[in-house]
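Report on the following structure.
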Amino acid sequence: MTTPKRALITGITGQDGSYLAELLLEKGYDVVGIVRRSSSISRTRIDHLLEGTAKGTLRLEYGDLADSSSLRHVMTKAQPDEVYNLAAQSHVRISFDQPEYTADVTGLGVLRVLEAVRDYNNASGAKIRVYQASSSEMFGSAPPPQGEATQFHPRSPYAVAKVAGFWQIVNYRESYGMHASNGILFNHESERRGENFVTRKITRAAGRIKVGLQKELFLGNLNAKRDWGHARDYVEAMWRMLQQDEPDDYVVATGESYSVAEFLDEVFGHLNLNWHDFVKIDPRFYRPAEVDYLLGDATKARTKLGWKPQITFRELARIMTEYDLDLAQREAHAASFGI
């Protein structure tokens, strides 16, 4: 009987972590997820996975990207074949308010993961493969389309930290021969997206407005253009990177870009609403340095990984809108009974 592969995922309770865990479990992996110790437990995205109905197994271990000893401990206990580093302080606007924390977790956290992997490899003779969640925000003000050869021009503490993490991966790959790859993922959303991210903020508000629970939605820059895909598609690319014989860096994107205003058109239009009647501009939501136009060139991922997105921009908007409309309807029904 073949021993199943084992994967270690940081950030497993997040949007990407939950979809990746689903994918790996269905492929028969044993999955170990790292979670931070907290007085309030939020694991709603993976609760269904803990029921043990998939082909593989899932267990959780406490750890933190700010704590190198905990990472070494989990690495030794988990003995993974693959490590997916998805954990980060990942909200761009918040990174301006918490730049030091963002630099520590999002930037130095990558170094701590790599050192934990390297120490375990040296002690055990293992050859763990590492995936690093890099970001299109690293390109910043670089003109579109952005590909692997595009020069980085980060425009936020988050993006700067991601650039640092990117180069740590490259350095460990070149210095120690580690199978370490960067996935430069452009914006990927879903119904599991955090509600403080603009796409989910929009779909959540639209559903509540439709059923009468909310009257206004406050946003910042509506002209920013992003290359938006669905997170379920993008985790497939992560996995494919670690199945390659040689490590490398890949842009993962749809090759289409739409503005925030166009996303509003899709969402509110699906509910037969005019967003102009409800959306207000609030300067608090503008970034000190804006990123105006991101458009990814994923030719390399398509040709070398055989990957392409399955869910279109309009399908993404529809899926998220219908999910949050249902959520709002249930919320309104509960409110009608005083719950």
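All residue numbers refer to positions in the sequence shown, counting from 1. Atom set for the values below is all heavy atoms of this structure, side chains included, hydrogens, waters and symmetry mates excluded.
- Residues satisfying the side-chain contact (heavy atoms from CB on, under 4.5 Å) criterion with His91, sequence neighbours excluded, are Gln89, Arg93, Ile94, Asn196, Phe197.
- Judged as a salt bridge (Lys or Arg N to Asp or Glu O under 4.0 Å), the pairs with a partner in residues 105-119 (not counting sequence neighbours) are, in order, Arg72-Asp119, Asp104-Arg112, Glu115-Arg118.
- For the side chain to side chain donor-acceptor pair (under 3.5 Å) test, residues two or more places apart in sequence or in another chain that qualify with Gln132 are Asn85.
- Every pair passing side-chain hydrogen bond (donor to acceptor under 3.5 Å, both in side chains) that includes a residue from residues 153-162 is listed here, sequence neighbours excluded: Ser141-His153.
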Contacts under 3.5 angstrom, residues 230-237 side chains, donor-acceptor by atom type, not counting sequence neighbours:
from, atom 1, to, atom 2, distance (Å)
His230, ND1, Arg232, N, 3.0
His230, NE2, Glu191, OE1, 3.3
Arg232, NH1, Glu22, OE1, 3.4
Asp233, OD2, Gln310, N, 2.8
Asp233, OD2, Ile311, N, 2.9
Glu236, OE2, Arg240, NE, 2.9
Glu236, OE2, Arg240, NH2, 3.4

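- Annotation: salt bridge (Lys or Arg N to Asp or Glu O under 4.0 Å) contacts involving residues 123-138, sequence neighbours excluded, comprise Glu137-Arg226, Glu137-Arg287.
- Tyr293 is linked by a side chain to side chain donor-acceptor pair (under 3.5 Å) to nothing, counting only residues two or more places apart in sequence or in another chain.
- Here Glu266 pairs with Phe313, Arg314, Ala317 under the side-chain contact (heavy atoms from CB on, under 4.5 Å) rule; sequence neighbours left out.
- Residues in residues 314-339 take part in these ring pair (Phe, Tyr, Trp, His ring centres under 6.0 Å) pairs, two or more places apart or across chains: His333-Phe337.
- Applying the side chain to side chain donor-acceptor pair (under 3.5 Å) rule to Ser175 yields the partners Asn171; only residues at least two apart in sequence or on another chain are considered.
- Residues forming a side chain to side chain donor-acceptor pair (under 3.5 Å) with Lys27 (at least two apart in sequence, or on another chain): none.
- Here Asp249 pairs with Phe166, Val170, Arg173, Asn182 under the side-chain contact (heavy atoms from CB on, under 4.5 Å) rule; sequence neighbours left out.
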